[in-house]
Asker: 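Sharing a structure here in structure tokens format.
Numbering of ligands and ligand atoms starts at 1, following listing order. Below, each value reflects all heavy atoms present in this structure, side chains not excepted, and no hydrogens, waters or symmetry copies.
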Amino acid sequence: MEEYVQVAIEKGLSKIIFLEHMEEGIRHGYRIWLSDDDFDDYFAEGQRLQNVYQGKINIGLGVECGYNPDCSDLLRARLDKRSWDQVGISCHFLQLDGLADHLNIFSRKETNIHLARRFGADNLLDRYFTILIEAVQSLPGTMLCHLDGALRFLPETRLTESHYTLIDQLLRIVRERGMTVEINSSGFPIRREQFPNSRILGMAKAYNIPFVFGSDAHKPGEVGRYFDRVNALIP
Ligand SMILES: [Zn+2]
């Protein structure tokens, strides 16, 4: 975490918010999210860094909560018991008929991409956006993460008009609940465009929804990546 903070300072950022992953009830071969005990350590280290770097950079401690419709109450209880500087809402995993594990729809792994194609991108995205609509209504979120990032490693994926209708419903709820939309710059190396795409950004702007820049950094060097390009999107 300290390395991320140091890179943020080197890049001239005045504020950084960590968004570690929370998931509940997801069947997946290995854990790619924090347990509750891990979150204790995360807060302890985050608070130490807030003291060390006071006056140099503002450090926030947030969470990216992946929604699972089967564990809505449990997720809400876990979110309610801590004080977060940002609660990102996302959905990374879908439960699909005939699969023992949940399918990670953000994965670059060949086996997951193959399964996603087998179930059909249109169908998976229908479910994904429908689950996000439930998620923003069920959880105390403050920001919607990487909105159209699902199936990002299936280059043939295209959003249909029916997906855009779901996205419109989603954005209306985001606006009603006073949430923000993340402009996630990890899209640039994958598809030469941020998440969400320009059409969705236009829809969100029309609803006067505020944006937050996110670099989806999974390594310190990725902090603030492509923020010059993201900045150019905001008049
Ligand atoms: Zn995510």
Side-chain angles (χ1 to χ4, degrees), residues 1 4 16-35 38-39 42 60-69 71-72 75 78-79 84-95 101-109 112-113 116 121 124-125 127-136 138-154 157 159 163 166-167 170-171 174 179-191 193-197 200-201 204 211-220 222-227 230:
M1 287 173 78
Y4 286 74
I16 178 173
I17 303 185
F18 287 94
L19 282 194
E20 265 296 351
H21 290 264
M22 178 188 288
E23 301 278 354
E24 200 52 71
I26 299 299
R27 290 185 308 276
H28 188 255
Y30 49 96
R31 192 155 60 83
I32 51 172
W33 52 86
L34 298 196
S35 68
D38 296 332
F39 273 113
Y42 168 73
L61 298 169
V63 60
E64 181 183 335
C65 180
Y67 190 63
N68 175 355
C71 294
S72 185
L75 286 168
R78 286 185 67 188
L79 291 175
W84 310 96
D85 294 312
Q86 185 85 274
V87 178
I89 300 294
S90 61
C91 167
H92 302 105
F93 295 96
L94 297 180
Q95 184 173 16
D101 280 358
H102 284 77
L103 177 66
N104 182 348
I105 52 172
F106 280 77
S107 169
R108 68 169 81 227
K109 278 191 177 171
N112 290 332
I113 289 170
L124 295 182
L125 290 173
R127 293 202 200 192
Y128 168 73
F129 291 121
T130 304
I131 287 174
L132 282 182
I133 288 170
E134 185 182 314
V136 293
S138 307
L139 299 178
T142 57
M143 176 173 86
L144 183 58
C145 296
H146 51 61
L147 204 158
D148 64 346
L151 305 184
R152 58 191 170 171
F153 294 110
L154 276 70
T157 300
L159 298 178
H163 296 141
L166 291 171
I167 291 167
L170 181 58
L171 291 175
V174 163
M179 293 173 67
T180 60
V181 162
E182 178 198 37
I183 303 184
N184 184 311
S185 61
S186 75
F188 285 107
I190 299 169
R191 65 174 194 187
E193 189 178 29
Q194 72 292 330
F195 301 122
N197 69 26
I200 299 170
L201 282 188
F211 297 117
V212 174
F213 291 10
S215 46
D216 214 323
H218 284 65
K219 300 180 195 124
E222 292 173 345
V223 170
R225 57 178 156 168
Y226 304 102
F227 274 14
V230 179

Asker: Counting only heavy atoms not in Arg27, do more than 12 sit closer than 6.0 Å to its CZ atom?
Answerer: yes
Asker: The Zn ion (ligand 1) is nearest to which N, O or S atom of Glu64?
Answerer: OE2
Asker: Mind checking whether Phe153 and Asn112 have side chains closer than 4.5 Å, heavy atoms only?
Answerer: no
Asker: Among Leu147, Asn184, Leu171, Ile167, exactly one meets side chain to side chain contact (heavy atoms under 4.5 Å, CB included) together with Pro196. Which residue is that?
Answerer: Leu147
Asker: Would you call the rings of His163 and Phe129 parallel, tilted or perpendicular, taking 30° and 60° as the class edges?
Answerer: tilted
Asker: Looking at His92, which of its N, O or S atoms is the nearest one to the Zn ion (ligand 1)?
Answerer: NE2
Asker: Specify which N/O/S atom of His146 comes nearest to the Zn ion (ligand 1), by atom name.
Answerer: NE2
